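Notes for the one structure printed next.
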Amino acid sequence: MSTHSIHARRPKGATGLSSESTAESLAESLIDRQPDVLLAHSEDAAHYSGGHADGVARPRTEQEIAHLLTHASRVLPVGAQSSVTGGATPDGGLVLSTSRLVSIQESGQHHFRVGSGVPLSTLQELLHSTGRWYAPSPTYTGAFAGGVVATNAAGAATFKYGTTRQWTDGLTVVLACGHVLEITRGQCVANPVRGFEIMCDCGRRTIHPGTYVMPAVAKCSAGYFASPEMDLVDLFVGAEGTLGVVTEVLFRVLAEPPAVAWALVPVRSESDAIALVDALRRASQETWRTNDPIGVDASAIEHVDRRCLELLREDGVDRKQDITIPADAEVMLLVQLELPRDTTPEVAFEQVSEALSDATDGALVRFCRVLAAHGALDDTEMAWPGDHRRIDQFLAFRESAPAGVNRRVGDAKRDHDDRIEKTAADMIVPFEHFGTMLAIYREGYRARGLDFAIWGHISDGNVHPNVIPRSFDDVVAGREAILEFGREVARLSGCPLAEHGVGRSSVKQALLRQLYGDDGLNQMRAVKSALDPRGVLAPGVLFPA
């Protein structure tokens, strides 16, 4: 039976109170201050300049984490440091790496308890060997379990499977005071009036969820989750390490992954691409609603725009991956199509060959008919289930778009101005407003004379409009445009912070304030203060330092 109160326990192995000097010396013994170690942990995937730390600790136990938290003044928990928001870039203090928290334990047929330092690729390999899988894995499978929880990470298949939050059924969290919460979903639910009560040897703390209204969209990584009768698990999912150190995650998993085919679909206009995606979305949603075994089942649809295609040609990616980009293609779509498990390449090829015949039916047949109805079948190329080489080429083609833009940002930074940095938005709107939002992105960047490219998860209404800067002035203008986009996204009932979180990015922190207002941010700060009164955890993340 759920309650709004919960007791935090002492960390495992803590049999009594150590003297203050002994505890402090134990904490110090865990810290590595070698210059090469500090340098290796000085930045994340955002490559923000100036990252630095006083020390790095890689604890193995709850007790070691507790010692570190209670004897340090600034602690930044990090995983794979794959953050693209600077959330895992240290700004002094101690880096607490979860890389040694690597336990994996089966917890019934549909759950695994996973250490926060376990890469998702490792989890997926283990699950695959047992005929199971973790459905909402983000694009970067090197991300650690704790990191995907910290940002409520979402991947390409959010359209079908949702975000990390929906698959997290429990957490173990070391709080800033050194005590440990073990929470299972449904165990502790906020009282609409009294909120949550967390009790430990330090006393009783009351946490009131914010009253701000979170955008009702598929992806939202915009500060602390808030709802009048929310689950305590959800407070820590998406909190970006600012409320506690996640040590273990109870993930829900699925049995028997489906066969998956991929379709690379050139489309000759953006409006045609949106219409096709809308048709595939509707067909897939009908399949899920009726549980049709041979219905269209597109779990993800990726979008690459004309400017991206120009960069891919310029970089020779089309030739390297043996992919033809039609000269008149305005957009390329990459569709992840789930099929019955017994679909072999031979069966798939036969179905596609007869796709327009009234005598045949099946998931692939219906998919091809949707493409044909939108004039996109003839130029579509398929990668069949099990054809790992061709699937990898399709995925590499798509990932080369952001890689190409990021390389150009780095070149401009090196060759022109070291203040230049990645300038991009991560926003989502309800799909019915997606075309409007794309037009706003393009108009906003063009009005400022900016070069830009857009790619992302069109099936969710979530894409990433990126500036390709030639000068620092372009970065400044791009930031102004992104704040303008944030206002428009909110007006269209979307979220300007969809899947990457807020981190240390000044622009994303401004978007968070723009979304919820000063009152909303003050409510978040009150939650932070209740759980971390000394401000030890991840200072500067979510809120300006």
Side-chain angles (χ1 to χ4, degrees), residues 4 6-9 11 62 65-66 68-70 72-79 83 85 87-88 93-94 96 98 101 116 145-153 164-165 168 170-183 185 187-190 195-200 202-210 212 214 220-227 230-249 497 501-504 509 512 516 520-545:
H4 75 288
I6 191 169
H7 288 262
R9 59 170 173 80
E62 291 175 353
I65 294 171
L68 291 164
L69 291 180
T70 54
S73 59
R74 297 164 60 87
V75 177
L76 179 67
V78 304
S83 167
T85 67
L94 176 69
L96 191 158
T98 62
L101 304 175
S116 61
V148 300
V149 166
T151 56
N152 187 30
T164 298
R165 185 182 308 283
T168 301
L171 295 172
T172 303
V173 185
V174 182
L175 301 175
C177 66
H179 290 85
V180 181
L181 280 178
E182 283 189 276
I183 328 164
R185 186 170 291 281
Q187 174 188 1
C188 187
V189 176
F196 297 108
E197 287 184 345
I198 296 177
M199 292 164 281
C200 66
C202 302
R204 183 190 304 264
R205 279 163 286 187
T206 301
I207 294 98
H208 291 284
Y212 44 86
M214 306 195 75
C220 182
S221 186
Y224 302 151
F225 185 86
S227 179
M230 64 179 283
D231 196 292
L232 184 57
V233 168
D234 290 327
L235 182 63
F236 294 95
V237 177
E240 301 193 40
T242 61
L243 300 180
V245 178
V246 172
T247 62
E248 286 187 332
V249 185
L497 299 157
V502 178
R504 296 188 187 281
Q509 289 179 355
L512 187 68
Y516 296 130
L521 260 66
N522 288 338
Q523 293 177 42
M524 289 187 194
R525 289 181 184 274
V527 172
K528 165 77 169 170
S529 180
L531 285 171
D532 182 17
R534 294 190 297 129
V536 172
L537 283 161
V541 173
L542 285 182
F543 319 109

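Treat the numbers as computed from the prediction; the structure is a model and nothing was measured.
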Determine the minimum heavy-atom distance between Cys177 and Arg205, stating which atoms define it.
SG-NH2, 3.6 Å
Expected output: side-chain Thr151 to main-chain Gly501 donor-acceptor under 3.5 Å
no
Please work out whether the ring planes of Tyr516 and Tyr212 are parallel, tilted or perpendicular, with thresholds of 30° and 60°.
tilted
Is there a donor-acceptor contact under 3.5 Å from the side chain of Arg185 to the main chain of Thr168?
yes
Taking Arg165's backbone N and O only, do any of them form a donor-acceptor pair with Asp234's side chain (distance below 3.5 Å, no angle check)?
no
So, the side chain of Arg74 versus the backbone of Gly535: is there a donor-acceptor pair under 3.5 Å, distance only?
no
Output for pair (His179 NE2, His7 NE2), nearest 0.5 Å, gives 12.0 Å
Evaluate the side-chain proximity of Val245 to Leu68: yes if any heavy-atom separation is below 4.5 Å, no if none is.
no
Is the side chain of Glu182 donor-acceptor paired with the backbone N or O of Val173 at a distance under 3.5 Å, no angle test?
no
Shortest non-hydrogen separation from Gly241 to Ala538 and the atoms involved:
O-CB, 3.8 Å
Is the side chain of Glu240 donor-acceptor paired with the backbone N or O of Val502 at a distance under 3.5 Å, no angle test?
yes
Given side chain to side chain contact (heavy atoms under 4.5 Å, CB included), test Leu542 with Lys528 step by step and report yes or no.
CA-CA 11 Å; Leu542 285 182; Lys528 165 77 169 170; over 6 Å; no
Testing Leu235, Thr242, Asp532 one by one against Val527 for a side chain to side chain contact (heavy atoms under 4.5 Å, CB included), which residue passes?
Leu235
Identify the two heavy atoms, one from Pro209 and one from Met230, that lie closest to each other, and give their separation to 0.1 Å.
CB-SD, 3.6 Å
Quick check: do Leu175 and Leu69 have side-chain heavy atoms less than 4.5 Å from each other?
no
Hey, are the side chains of Thr247 and Val180 touching, using non-hydrogen atoms and a 4.5 Å cut-off?
no
What's the spacing between Ile183 CD1 and Ile198 CD1 if we round to 0.5 Å?
7.0 Å
Heavy-atom donor-acceptor pair, Glu248 side chain to Gly170 backbone, under 3.5 Å:
no
Is there a side-chain contact between Leu181 and Ile6 in this structure, where contact means two heavy atoms from C-beta onward sitting under 4.5 Å apart?
yes
Can you give me the closest heavy-atom contact between Arg525 and Pro544, atom names plus distance?
NH2-CD, 3.8 Å
Are side-chain heavy atoms of Thr98 and Ile65 found at a separation under 4.5 Å?
no
Got a second to check how far Thr172's OG1 is from Arg9's CZ, nearest 0.5 Å?
6.5 Å
Any side-chain heavy atom of Leu531 sitting closer than 4.5 Å to one from Phe236?
yes
Hey, mind stepping through Asn152 and Phe225 against side chain to side chain contact (heavy atoms under 4.5 Å, CB included) and telling me if it holds?
CA-CA 10 Å; Asn152 187 30; Phe225 185 86; over 6 Å; no
Side chain to side chain contact (heavy atoms under 4.5 Å, CB included) between Val249 and Leu171, worked out
CA-CA 5 Å; Val249 185; Leu171 295 172; 4.1 Å; yes
To the closest 0.5 Å, what do you measure between NE2 (His4) and CG (Leu232)?
11.5 Å
Taking the side chain as every heavy atom from C-beta outward, state whether Leu96 and Val78 have any atom pair closer than 4.5 Å.
no
Give a yes or no on whether the backbone of Val149 and the side-chain of Thr164 come within a donor-acceptor separation of less than 3.5 Å.
no
How long is the gap from CD on Glu197 to SG on Cys188, to the nearest 0.5 Å?
9.0 Å
Could you tell me which non-hydrogen atom of Ala176 sits nearest to which non-hydrogen atom of Leu537, and how far apart they are?
CB-CD1, 3.9 Å
Please name the pair of heavy atoms, one in Pro539 and one in Arg504, separated by the smallest distance, quoted to 0.1 Å.
O-NH1, 2.8 Å
